[in-house]
Amino acid sequence: MKHKTDRRAGPRPASSSGTDLQAAFGAQVGQVARRWRALVDARLKEFGLTEATWRPLLHLSKFATPPRQTDLAESLSIEGPSLVRLLDTLERDGYILRCADSDRRTKTIRLTPRGETLQRKIAAVVADTRSRVLAGVADRRLAAALQVLEEVERSIRTLGASKESQAGAPPRRARRKD
């Protein structure tokens, strides 16, 4: 008798070697992030929003003061030109205003009253989704998972910083042994 496999469960390591666990972990993190965003995206369709439009509105709430476009782009992990197109749409729809900063070359992004109302609805859907998704996870396990993800993020930042410094540094010459 053949056993069915659940393909939706994601890749599972054949053995528990470090390499297999690392591969499974990386794949699982990516898959969970995509599915979680898709779940929120599906719930926000009733507001006529797509992931591209609701994420900037949500991220604007994370800043203590209105962010510059470059800060928002970094927060969203997208390139500046892609953000400009999104901001054009959000501004046209009356959700944001781009205001001149003290440096006239930069613009800050502010929510309009209409944008604030929509942002609160987005935040409520995101919070409700998060609550439902994590309902069965014990706090201690969630804390352990968060600690692991923070370690992974630190490693990514370190690797990114070393790549940037290598890209800007002149090529190293091999040292001669005298």
Side-chain angles (χ1 to χ4, degrees), residues 25-135 137 142-143 145-170:
F25 180 81
Q28 193 71 25
V29 166
Q31 187 175 61
V32 166
R34 282 188 300 278
R35 287 184 175 171
W36 194 325
R37 265 197 320 264
L39 184 59
V40 171
D41 199 38
R43 293 187 67 197
L44 287 171
K45 282 201 190 308
E46 75 178 80
F47 300 111
L49 299 171
T50 64
E51 181 182 343
T53 54
W54 64 259
R55 282 186 67 229
L57 294 172
L58 184 65
H59 276 250
L60 282 168
S61 69
K62 296 179 181 186
F63 292 91
T65 60
R68 296 174 304 161
Q69 288 183 188
T70 54
D71 298 328
L72 183 58
E74 184 179 324
S75 173
L76 292 164
S77 299
I78 62 174
E79 297 294 321
S82 298
L83 178 62
V84 168
R85 287 189 297 277
L86 287 172
L87 295 178
D88 287 344
T89 300
L90 294 172
E91 190 170 37
R92 183 193 70 227
D93 293 345
Y95 297 122
I96 65 157
L97 291 173
R98 288 185 263 200
C99 305
D101 196 17
S102 57
D103 177 354
R104 290 184 185 173
R105 294 172 294 173
T106 63
K107 302 264 187 193
T108 58
I109 312 303
R110 297 175 190 269
L111 289 169
T112 63
R114 182 175 187 217
E116 288 175 358
T117 299
L118 183 58
Q119 187 278 325
R120 283 191 294 275
K121 290 176 183 177
I122 293 166
V125 168
V126 168
D128 181 64
T129 303
R130 178 178 51 244
S131 179
R132 289 175 182 217
V133 166
L134 298 174
V137 181
L142 191 56
L146 184 58
Q147 186 176 12
V148 169
L149 290 173
E150 287 169 347
E151 289 175 30
V152 170
E153 184 178 18
R154 276 192 300 274
S155 181
I156 289 169
R157 287 177 190 245
T158 300
L159 289 170
S162 69
K163 282 251 188 219
E164 289 171 10
S165 66
Q166 288 174 359

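We use all heavy atoms of the structure for the numbers below, so side chains are in, but hydrogens, waters and symmetry mates are not. Along the sequence shown, residues carry numbers from 1.
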Novice: With a cut-off of 6.0 Å (strictly less than), are more than 12 heavy atoms of other residues, nucleotides or ligands near CD of Gln147?
Specialist: no
Novice: Taking only Lys NZ, Arg NE, NH1 and NH2, and the carboxylate oxygens of Asp or Glu, determine whether Asp88 and Arg98 approach each other closer than 4.0 Å.
Specialist: yes
Novice: Could you walk me through whether Ile122 and Leu44 pass the side-chain contact (heavy atoms from CB on, under 4.5 Å) test, one step at a time?
Specialist: CA-CA 7 Å; Ile122 293 166; Leu44 287 171; 4.0 Å; yes
Novice: To the nearest 0.5 angstrom, please state how far the CZ atom of Arg132 sits from the CG atom of Leu39.
Specialist: 9.0 Å
Novice: Taking Val125's backbone N and O only, do any of them form a donor-acceptor pair with Thr129's side chain (distance below 3.5 Å, no angle check)?
Specialist: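 Yes, because the side chain of Thr129 sits within donor-acceptor range (under 3.5 Å) of the backbone of Val125.
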Novice: Between Pro56 and Leu72, what is the shortest heavy-atom contact and its length?
Specialist: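 Here Pro56 and Leu72 meet closest at O-CD1, 4.2 Å.
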Novice: Which atom names give the shortest non-hydrogen contact between Phe47 and Lys121, and what distance separates them?
Specialist: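 Here Phe47 and Lys121 meet closest at CE2-CD, 3.6 Å.
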Novice: Between atom CG of Leu90 and atom CG of Leu60, what is the distance when rounded to the nearest 0.5 Å?
Specialist: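 If we round to the nearest 0.5 Å, Leu90:CG and Leu60:CG are 8.5 Å apart.
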Novice: One pair to check against side-chain contact (heavy atoms from CB on, under 4.5 Å): Val152 and Val29. What are the steps and the verdict?
Specialist: CA-CA 11 Å; Val152 170; Val29 166; over 6 Å; no
Novice: I need the single residue from Asp71, Leu87, Leu83 that forms a side-chain contact (heavy atoms from CB on, under 4.5 Å) with Ile109. Which is it?
Specialist: Leu87
Novice: Strictly distance-based, threshold 3.5 Å: is any side-chain N or O of Thr158 a donor or acceptor partner for the main-chain N or O of Arg154?
Specialist: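 Present.
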Novice: What's the separation between atom CZ in Arg110 and atom CD in Glu116, rounded to the nearest 0.5 Å?
Specialist: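 Spacing of CZ (Arg110) from CD (Glu116) equals 11.0 Å.
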Novice: Distance from Leu86 atom CG to Leu76 atom CG, nearest 0.5 Å?
Specialist: 8.0 Å
Novice: Decide if atom CD of Glu51 counts as having more than 12 heavy atoms of other residues, nucleotides or ligands within a radius under 6.0 Å.
Specialist: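 Yes - once you tally the heavy atoms of other residues, nucleotides and ligands closer than 6.0 Å, there are more than 12.
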Novice: Is the backbone of Gly94 close enough, under 3.5 Å, to the side chain of Thr112 for a donor and an acceptor to pair up by distance?
Specialist: yes
Novice: If you take all heavy atoms of Leu57 and Ile96, which pair is closest and at what distance?
Specialist: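 Shortest heavy-atom contact: CD2-CG2, 4.0 Å.
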Novice: Measuring from Lys45:NZ to Trp54:CH2, what's the distance to the nearest 0.5 Å?
Specialist: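 One gets 11.0 Å once the value is rounded to the nearest 0.5 Å.
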Novice: If you look at every heavy atom in Tyr95 and Arg114, which pair is closest and at what distance?
Specialist: OH-NH2, 3.4 Å
Novice: Enter the distance from Trp36:CH2 to Leu134:CG here, rounded to the nearest 0.5 Å.
Specialist: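 Rounded to the nearest 0.5 Å, the CH2-CG separation comes out at 4.0 Å.
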Novice: Within the distance-only criterion (no hydrogens, no angle test), does the side chain of Thr108 pair as donor or acceptor with the backbone N or O of Arg68 below 3.5 angstrom?
Specialist: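 Absent.
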Novice: For Leu49 and Leu118: C-alpha separation, side-chain torsions, deciding distance, then whether side-chain contact (heavy atoms from CB on, under 4.5 Å) applies.
Specialist: CA-CA 10 Å; Leu49 299 171; Leu118 183 58; 3.9 Å; yes
